[in-house]
Amino acid sequence: MRSCYCGQVSESLTSQLVILCGWVHHRRDHGGVIFIDLRDREGIVQVVFNPEQTEAFASAERVRNEYVLRIHGRVRPRPEGTENPDLATGKIEVVAEQVEILNTADPLPFQLDEHVSEEVRLRFRYLDLRRPQVHARFRLRAKVTNFLRKFLDEQGFLDIETPMLTKATPEGARDYLVPSRTHPGEFFALPQSPQLFKQLLMMAGMERYYQIVRCFRDEDLRADRQPEFTQLDIEMSFIDEMVLRNLMESMMRNLFKEILNVELPNPFPCLTYREAMLRYGSDKPDLRVPLEFIDLSDLMKEVEFKVFSQPANDPDGRVAALSIPNGQSLSRKQIDDYTSFVTTYGAKGLAYIKVNDIQAGRDGLQSPILKFLPDQVIQEILKRTQAETGSLLFFGAGKAKMVNDSLGALRLKIGEDLKLVQPGWKPLWVIDFPMFEWDDKDNRWMALHHPFTAPNVQKIAEVEATPGTCMSRAYDMVLNGTEIGGGSIRIHRSDMQSAVFRLLGIGEEEAREKFGFLLDALKYGCPPHGGIAFGLDRLVMLMTGAHSIREVIAFPKTQTASCLLTSAPSPANALQLRELHIRVKTPQAVEPVT
RNA sequence: GGAGCGGUAGUUCAGCUGGUUAGAAUAUUGCCCUGUCAAGGCAAGGGUCGCGGGUUCGAGUCCCGUCCGCUCCGCCA
């Protein structure tokens, strides 16, 4: 049907006959000569229609934007002075001899080269996807998955599929449920991840498994969270965390080298969870922002200023500062804006000190909290923060979680606002996560990672004695402030697994019911194993410079988890519901919860 | 569940402290035009101001509710 792609017509084809297929990108009708920019997957080429070619010219007059054409034409260099350096094919043009209109097109709801709202883009996603820039992201995504498959295959990993219709899990995210027709009143769950299946594959002796697999979580959406998303899921037997991390680093380094021609560091820097929280207030720090927390908790224990002294003396409290070089130039209004920004993270306010003149001591400082702090404390603050004339110090005080959340978010926002974000790629590992986190709401321990993560101690008694300080063998890979992967060495002994379930408040009976198959499998010769899962959408988002994973998912959902293209979800008809043994209570019919 | 921003022509937007017939650009349609490449010129058509209610002599504009989109908090082992 075609002899070559539009985007690949080059000078080497000069005076040859080509057959092109594609869409009318633009049409310029000069009355006596008509130009059509013909677009296909590989690019755009200019086709010229002269009146001498009567039939072709007549067709070209009828043609409109986005008509689908098949063109026979001859390649020739453009006349001198009419080359277009902005076009890859700009040195040549194709003189049309025959045109076939393969299809007409109604005027598009929007023009492909104009800015258009995401709402309209998603409703007409198939048109949005025609745009070359949008196209490019999916081409890159395909190259990424192809590279990953090749790499893992060469490393001896087996690509094995796991069920989409599976069992609901307690803990973790809300499940998407699928009613069973053959088992009235019972439901499958779509997998939040193939976690247990990949562990079972290790117990099955597969040793190295990977899968590029869709996962489902029925939670609220964000720019980097969709209800269905894709993981690169990996599991290995007879390894420890260093083997796995080294291999995964190597995979990432090779990926970035091959796809983006970028050299990632070797090895990746590695931070403990504790250090990451201390220095950045985040377990996924963006190392491109050259600002760090300065801890002041010890300094504030004795001050009379309760806002600082109280958290300083609270074991769960924290006082920390963020020093902004040249932050003095921030206006009162900007500081007010940052204050209301941190209140969304639970902060009561945002104390600050402007350093107008570092030489002038207290007189060189400007701050509403100055009067509450003794000279010696002020001197120590200035010393620790390495403040200079022009610096602005922000303070966070309160529960450690709140200080970390608010100051951590402020660090990123200021980094962006003041253009402090360094260009490039900053990957790192975060390790030594706590095994458990106390949940005040439910009054119980929660697994920070998931309940199958191995503690970094051998003895069950040790875990049970010190759940609050016990570390896990989990690791996260972070890139430019985004968590792109996480995993762990797993528990491979049933007694340890039972103990962890117990600590999490999962009783014997519930553990049997929900995870009986896992506990059984652990008894029949389970190898030590561990793995990791990467958020493929997030990874590709970063690699393409997109600001949302929706940009790298062909047909994404909106924030309320609906599809503007297909109008899913939609009501089921009565017959379907009857077969599934389901009766729907419409929202109006639901009795108010008392 | 909560906070913020937005919703006006097919599209992207403007529309001031409420006041004639709601504008621009672009797209569309017609005519003119032989070297453009976001072609150009002339002309025309195109509006449930998201939806519902309220205030007012009068509402795109003010108030209340609601729906939709986006960002964030909660949530996401």
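In the text below, chain A, chain B and the rest are named by the order of the sequence lines, each starting its count at 1.
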From rG10(B), rG35(B), rC73(B), pick the nucleotide closest to the side chain of Arg222(A)? rC73(B)

When you get a sec, tell me which of rG74(B), rC70(B), rU36(B) is the closest nucleotide to the side chain of Lys401(A)? rG74(B)

Nearest-nucleotide pick for Pro107(A), side chain only, options being rU28(B), rG74(B), rU11(B): rU28(B)

Among the nucleotides rC37(B), rC76(B), rG69(B), which one has an atom lying closest to any side-chain atom of Glu119(A)? rG69(B)

With sugar-phosphate meaning primed atoms plus P, OP1 and OP2, does Arg121(A) contact a base, only sugar-phosphate, or nothing at under 4.0 Å between heavy atoms? nothing

Residue mapping more 5' on RNA chain B - nearest nucleotide basis, His115(A) or Asp37(A): His115(A)

Side chain of Asp405(A) only, heavy atoms from C-beta on: which candidate in rU34(B), rG74(B), rC76(B) is closest? rG74(B)

Nearest-Å distance, CD1 (Ile36(A)) to P (rA38(B))? 16 Å

So, does Ser59(A) use its side chain to make a donor-acceptor pair with the main chain of Glu55(A) at under 3.5 Å? yes

Hey, can you pull the residues of residues 333-347 of chain A with a non-hydrogen atom under 4.0 angstrom from RNA chain B? Thr344(A), Tyr345(A)

Think Asn65(A) has a side-chain N or O under 4.0 angstrom from the OP1 or OP2 of rU28(B)? yes

Mind checking who rA25(B) pairs with, Watson-Crick or G-U wobble, both distances under 3.5 Å? rU11(B)

Could you identify which residues of residues 44-53 of chain A place a heavy atom less than 4.0 Å from some atom of RNA chain B, listed by residue number, or say none? Gln46(A), Pro51(A), Glu52(A)

Arg64(A) side chain near rU29(B) phosphate (N/O to OP1/OP2, under 4.0 Å): yes

Name the closest nucleotide to the Thr560(A) side chain, picking from rG69(B), rU11(B), rU36(B). rG69(B)

Pick base, sugar-phosphate or nothing for Arg39(A), based on heavy-atom distances below 4.0 Å to the nucleic acid. nothing

Indicate whether the side chain of Arg131(A) and that of Gln111(A) have a donor and an acceptor atom separated by less than 3.5 Å. no

Any side-chain donor-acceptor pair under 3.5 Å between Asn65(A) and Arg27(A)? no

Residue pair His25(A) / Asp113(A), side-chain donor-acceptor N/O under 3.5 Å: no

Base rG35(B) to side chain Glu93(A), donor-acceptor N/O within 3.5 Å cut-off: yes

On RNA chain B, nearest-nucleotide positions of His450(A) versus Arg123(A): which is more 5'? Arg123(A)

Please confirm whether Arg245(A) makes a cation-pi placement over Trp429(A), using NZ or CZ under 6.0 Å from the six-membered ring centre and within 45° of the ring normal. yes

Nucleotide opposite rC70(B) in a Watson-Crick or G-U pair, distances under 3.5 Å: rG4(B)

Across every strand shown, the nucleotide meeting Watson-Crick or G-U wobble geometry with rG47(B) (both distances under 3.5 Å) is none

Report the nucleotide, chosen from rU26(B), rG1(B), rU36(B), that has the shortest atom-to-atom distance to any side-chain atom of Asp220(A). rG1(B)

My understanding is that only residues two or more places apart in sequence, or in another chain, count here; which of them pass side chain to side chain contact (heavy atoms under 4.5 Å, CB included) with Lys419(A)? none

Which listed nucleotide (rU26(B), rC76(B), rU36(B)) is nearest to the side chain of Arg225(A)? rC76(B)

N/O (side chain, His26(A)) to phosphate O (OP1/OP2, rA39(B)) under 4.0 Å: yes

Residue Gln111(A), side-chain heavy atoms: nucleotide from rA27(B), rU71(B), rG35(B) that is nearest: rA27(B)

Does rU36(B) have OP1 or OP2 sitting under 4.0 Å from an N or O in the side chain of Arg28(A)? no

Is the number of heavy atoms from other residues, nucleotides or ligands under 6.0 Å of Glu416(A) CD greater than 12? no

Taking only N and O in the side chain of Ser562(A), is any of them less than 4.0 Å away from OP1 or OP2 of rG69(B)? yes

Using only side-chain N and O atoms of Gln559(A), determine if any of them is under 4.0 Å from OP1 or OP2 of rU71(B). yes

Hey, is the side chain of Ser117(A) poking within less than 4.0 Å of OP1 or OP2 on rG7(B), counting only N and O atoms? no

Can you check whether Arg78(A)'s main-chain N or O pairs, donor with acceptor, with Thr82(A)'s side chain at less than 3.5 Å? no

Kindly confirm or rule out a cation-pi arrangement of Lys413(A) over Phe341(A), judged by NZ or CZ under 6.0 Å from the six-membered ring centre and within 45° of its axis? yes

Check: Phe433(A) ring centre within less than 6.0 Å of Tyr273(A) ring centre: yes

When the ring centroid of His30(A) is compared with that of Phe35(A), is the distance short of 6.0 Å? yes

